[in-house]
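Some notes on the structure that comes next.
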Protein chains: 2
Amino acid sequence: MPAIYKRSNSAAIMQLYHYPDLSLTTFFWEGPEFHHAVHVMRLGTGATVHLTDGKGHLAEAVVQHIEKKKCRLEVISMTTRPPVQPAVHLFVAPTKQIDRMEWLIEKATEIGVQAFHPFTSFHSERRSIRQDRLQHIALSAMKQSHRTYLPEVHALTDWKSAMATAATLPVKFIAHASGSSALKTFPIAPEPAALLIGPEGDFSDQELQDAIIAGFTKVHLGTYRLRTETAALMAAAALLS
Amino acid sequence: MPAIYKRSNSAAIMQLYHYPDLSLTTFFWEGPEFHHAVHVMRLGTGATVHLTDGKGHLAEAVVQHIEKKKCRLEVISMTTRPPVQPAVHLFVAPTKQIDRMEWLIEKATEIGVQAFHPFTSFHSERRSIRQDRLQHIALSAMKQSHRTYLPEVHALTDWKSAMATAATLPVKFIAHASGSSALKTFPIAPEPAALLIGPEGDFSDQELQDAIIAGFTKVHLGTYRLRTETAALMAAAALLS
C-alpha cells in the first residue's frame, strides 16, 4: 500500500477493483479480481467492496453469496465523480526502452492524464508497442490511485493520424526547445488539451512545421534537457496542477 | 539521445562527462569515461570534450594527445553555472521495490533536486539501500540532462538523524493527507527546502508530531493518492517550477 496523500472523501477505500459495467444493482462477480478479493484478501459474505467502471462511477457493494468461481454483489451506493479537468491527451512517441514508456503511463495515470496517443515520429526508434500491456498498466495505476476514470491507451498510429486526432482538441501544445514561452506560464484552461512530446531523436523539421500549421503552440519545458518520458510527465503535471 | 527540450546556451554539448577535479588547465584523463570518449565515441586528437565536476563547473577541453589508457586534455574554456534555486533536499523513505527509488533519483536529478536523504521510518519495509548504486544513477542523470551539479545521495539514516539534518534547512515541508494547504499554493522561495515524504505505510503519529515540533509545515499534494516516488517527484517539481 502506498502512503496516502489524498484529501478526498474516499478514505474508507482500501482496495479499488475494476468492473466494466456497473449498470445493475446486483450481479455476479468473477475473474481475477473476484479471485483476489475472495481468495487472497479473504473477503467473506457481508464484506464491502469498492468498484469502478473506469467511466467515473464508484460503487460500494456488499458480498451476498460466495461460490467457488464467482460471488453475488449488491450495490448499496453509487457515486459519480466529475472527470479531471483539463482532459489531457498525451501524444507521445514510444521510447526505445519500453519500460520508460510503461513508467510514463503509470505516473501519468496517477496524476490524472485522460488519454495516451502513441505515434511514430520520423526519428522514432521504436515502431511497435504492446497496447494491451500498456492499457493494463493504466488500469493498475487507476486502481492504485483510487481514480475512477480509466485513461485510454490508443493504438500506435502514424504522424498524420496523430495530427488528425489532435486537430479535434481545442488546446494544443508541442514541447520543443525552440518554444519562446514556458508551458507553465500559460493559464490553465478547462478545455481538453493535446500535449505533443517528441521522440528521443527530436521532431523533424517537417513535423514541427506540420504541428504549427495544425494550430499547436510551441512551448518549452525549462532550461535543462529532459528525457522524453520526464518531459511528458512534467508537461502533464503543469497542465493538471 | 533524448529529445532536447532545453533552452540553454549549451546547444553544442552532445555528451557531458564527469571529472571530479577541474582545477588544472591540462590533465590526464583516464578510466571508463575516457574509454567511452576515445574508444566508443572515437574522439581523436583535436576533438572537443565537455566535462563537469558536478560542483557547477563546465569545462570545454581539447584532446591533445592520446595514449592507450589515457589522454591529455587542455581546458580551453570554463563556465561556472549558478546552482538551482531553491536547493531541494528530498527526505524520502526508500520504497519496498528499489527500482521505484532508483527511478525517483533519476527523475529528480533531471529536474534539479540537490540532495537525497534516505531515512528509515517506523513503517518502512525497506531497511537498506545501495548508496553507491543510487549515487551512480544520480551521476548518469546529471550527465544525461547536461546539469553541472551532482546531487548527493546520502547514506540511509534513522528518523532522528533525518530530523536533525532537516533542522538545518530554513524551509521544511512534510507531505501528508492531513495537510490543510496544497504545496503548490505556497510561494516559491529561494531558500533551501526540506521535502519530507513518507514511506509506503505512511508516517506514524509520533513521526508526524516530531515533524511538526521540528518546524515542518504539513502540506497535501492534491486530491488523489500518489505512490511515494510519484509524490516525491511531484512535490519537488512544485518547488522547482
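Every heavy atom of this structure was used, including side-chain atoms; hydrogens, water molecules and symmetry mates were not. So you know, we letter chains A, B, ... as the sequences are listed, proteins then strands, and number each from 1.
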Audit row: L233(B), M234(A), side chain to side chain contact (heavy atoms under 4.5 Å, CB included) steps and yes/no: CA-CA 10 Å; L233(B) 186 69; M234(A) 289 298 133; 3.5 Å; yes
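- For R227(A) and E106(B), the salt-bridge test passes: some basic side-chain N is under 4.0 Å from an acidic carboxylate O.
- Residue H36(B) qualifies as enclosed at atom NE2: its count of foreign heavy atoms under 6.0 Å is above 12.
- When the shell of 6.0 Å around CZ of R42(B) is examined, it contains 12 or fewer heavy atoms from other residues, nucleotides or ligands.
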List the steps and the verdict of side chain to side chain contact (heavy atoms under 4.5 Å, CB included) for R225(A) and Q144(B). CA-CA 8 Å; R225(A) 56 181 219 167; Q144(B) 162 76 40; 3.9 Å; yes
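- Looking at heavy atoms from C-beta onward, K107(B) lies in side-chain contact with E229(A) at the 4.5 angstrom threshold.
- With rounding to the nearest 0.5 Å, the separation of OH in Y224(A) from OG1 in T109(B) is 13.0 Å.
- Residue F122(B) places its CZ atom among 12 or fewer non-hydrogen atoms of other residues, nucleotides or ligands, all under 6.0 Å distant.
- No other option in K96(A), H123(A), R147(A) has as many heavy-atom pairs under 4.5 Å with chain B as R147(A).
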